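Because the structure is predicted, anything quoted here is derived from the model rather than measured.
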Amino acid sequence: LVVATNALAAATDIGAPGVPYHVMLRALLDCRTPTEAATLLQSAARSSSANYMIGSGDGLVVDAEARPGGFDAISWELPDDRGLLLHTNHFSVAPLRDLGGTDVGLMLMADSLFRLQRIRDLLRANPNPEVPDWQRILSDHAGNPAGICCHPDPEAQGLDRWTTAT
């Protein structure tokens with residue numbers, strides 16, 4: 001089983017009781033199959049928002065945008081027609097405004113929209129990417145310093161200076 005995750009933030013992330021993000025992530029990594037992981041994710045009351053991509057070596061994959069809460073606070077997405085799942089740091093499966101909430105991640109990381117757009121554009125130009133293509137895509141600097149490959153903004157202060165970790 002493989003789990004990839006990225007940060008999401010919603011106005012409902014208020015510290016309500018539930019399974020903390022890192023505990024949920026560890027529990028998902030202990031699952032043997034994607035079905036077991038999906039069942040676990042939707043059976044627990046989570047305390048915070050996060051995006052979880054869950055997959056297996058035999059090609060089964062799903063994306064879960066999870067908000068604080070239980071089963072009804074998850075939006076699921078399957079791969080597109082090419083078998084790809086793409087995600088950045090905003091709610092995109094079911095925008096929170098459609099669910100009566102606020103996507104705080106967009107306020108904190110507006111570049112998330114443009115990074116997702118850029119990845120989609122690069123994939124349109126290369127519809128059958130191989131490993132070297134993915135290396136090139138993930139090294140892209142369009143929108144610098146807040147591109148897909150993000151480097152610390154020399155004009156930003158303190159905690160607002162982040163980088164892409166590989």
Side-chain angles (χ1 to χ4, degrees), residues 1-10 21-22 24-42 46 48-67 74-99 103-156 159-166:
L1 183 77
V2 175
V3 179
T5 185
N6 60 309
L8 295 177
Y21 165 75
H22 291 95
M24 176 57 69
L25 186 57
R26 176 70 256 165
L28 290 171
L29 290 168
D30 286 338
C31 293
R32 294 172 294 126
T33 66
T35 299
E36 185 179 338
T39 300
L40 172 69
L41 186 62
Q42 59 193 9
R46 296 163 312 282
S48 60
S49 296
N51 189 75
Y52 303 96
M53 284 189 181
I54 302 166
S56 65
D58 51 1
L60 300 175
V61 64
V62 68
D63 183 66
E65 289 182 347
R67 303 173 306 284
I74 302 174
S75 298
W76 298 95
E77 182 177 24
L78 297 172
D80 66 16
D81 291 341
R82 295 181 293 167
L84 296 175
L85 272 174
L86 304 173
H87 206 282
T88 53
N89 298 101
H90 65 281
F91 288 88
S92 57
V93 176
L96 282 189
R97 68 179 175 282
D98 297 345
L99 301 171
D103 189 343
V104 178
L106 277 177
M107 180 179 68
L108 299 172
M109 300 170 277
D111 60 296
S112 179
L113 295 166
F114 303 104
R115 288 184 283 116
L116 184 57
Q117 175 193 19
R118 181 68 177 166
I119 290 171
R120 287 178 177 165
D121 289 347
L122 292 170
L123 286 170
R124 269 192 287 282
N126 187 354
N128 298 305
E130 300 288 333
V131 170
D133 302 310
W134 281 111
Q135 291 170 327
R136 182 182 48 76
I137 290 167
L138 295 174
S139 299
D140 187 80
H141 289 94
N144 187 45
I148 296 169
C149 183
C150 176
H151 297 275
D153 183 348
E155 296 181 21
L159 295 176
D160 291 329
R161 298 184 78 193
W162 55 68
T163 188
T164 301
T166 57

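For Glu155, the side chain to side chain contact (heavy atoms under 4.5 Å, CB included) partners two or more places apart in sequence, or in a different chain, are Asp153. In this view, Arg115 and Asn89, Asp111 satisfy the side chain to side chain donor-acceptor pair (under 3.5 Å) rule, not counting sequence neighbours. Not counting sequence neighbours, the partners of Leu25 by the side chain to side chain contact (heavy atoms under 4.5 Å, CB included) test are Val3, Thr5, Tyr21, Leu29, Tyr52. The side chain to side chain donor-acceptor pair (under 3.5 Å) check on Asp58 picks up Ser56, with sequence neighbours excluded. For Leu86, the side chain to side chain contact (heavy atoms under 4.5 Å, CB included) test picks out Leu116, Ile119, Arg120, Leu123, Trp134, with sequence neighbours left out. Scanning for salt bridge (charged side-chain N to carboxylate O under 4.0 Å, His left out) contacts around Arg161 gives an empty result, with sequence neighbours left out. Remark: Glu36 engages Arg32 in a side chain to side chain donor-acceptor pair (under 3.5 Å) (not counting sequence neighbours). Listed by chain and number, the residues in a side chain to side chain contact (heavy atoms under 4.5 Å, CB included) with Asp81 amount to none (sequence neighbours excluded). With sequence neighbours left out, the side chain to side chain donor-acceptor pair (under 3.5 Å) criterion links Arg82 to no other residue.
Across Leu28 and Ala37, no two heavy atoms sit closer than the pair CD2-O, 3.3 Å. Shortest non-hydrogen contact noted between Leu41 and Ala64 is CD2-CB, 3.5 Å. Here the shortest heavy-atom pairing between Val93 and Ser75 reads CG1-CB, 3.8 Å. The two residues Leu1 and Gly55 make their nearest non-hydrogen contact at CD1-O, 3.3 Å.
Tested against Gln135, the residues Val131, Ile137, Asp133, Leu138 include a single side chain to side chain contact (heavy atoms under 4.5 Å, CB included) partner, Val131.
Between Cys150 and Trp162 the shortest side-chain heavy-atom distance falls below 4.5 Å. Between Val61 and Pro34 the shortest side-chain heavy-atom distance does not fall below 4.5 Å. Between Glu65 and Ser49, every side-chain heavy-atom pair lies at or beyond the 4.5 Å cut-off. Side-chain contact between His141 and His151 is present, with at least one heavy-atom pair separated by less than 4.5 Å. A heavy-atom distance below 4.5 Å is not found between the side chains of Arg67 and Ile74. Considering only heavy atoms from C-beta on, Trp76 comes within 4.5 Å of Val62 through its side chain. Counting heavy atoms from C-beta on, the side chains of Arg136 and Asn126 come closer than 4.5 Å. Between Leu84 and Pro79, the closest side-chain pair of non-hydrogen atoms is not below 4.5 Å.
Here the straight-line distance linking atom OG of Ser92 with atom CG of Leu8 works out to 8.0 Å at 0.5 Å rounding. From Leu60, atom CG reaches atom OG1 of Thr35 across 7.0 Å, with rounding to the nearest 0.5 Å. The OG atom of Ser139 lies 9.5 Å from the CD1 atom of Ile148; values are rounded to the nearest 0.5 Å. Within the model, atoms CG of Leu106 and CG of Leu113 stand 5.0 Å from one another, a figure rounded to the nearest 0.5 Å.
Sorted by first and then second residue, the salt bridge (charged side-chain N to carboxylate O under 4.0 Å, His left out) pairs involving residues 137-149 (not counting sequence neighbours) are Arg118-Asp140.
Without hydrogens or angle criteria, Asp103 side chain to Phe91 main chain gives a donor-acceptor distance under 3.5 Å. Put simply, the side chain of Asp80 gets close to the backbone of Gly83: a donor and an acceptor are under 3.5 Å apart.
With hydrogens and angles left out, the side-chain atoms of His90 and Thr88 include a donor and acceptor closer than 3.5 Å.
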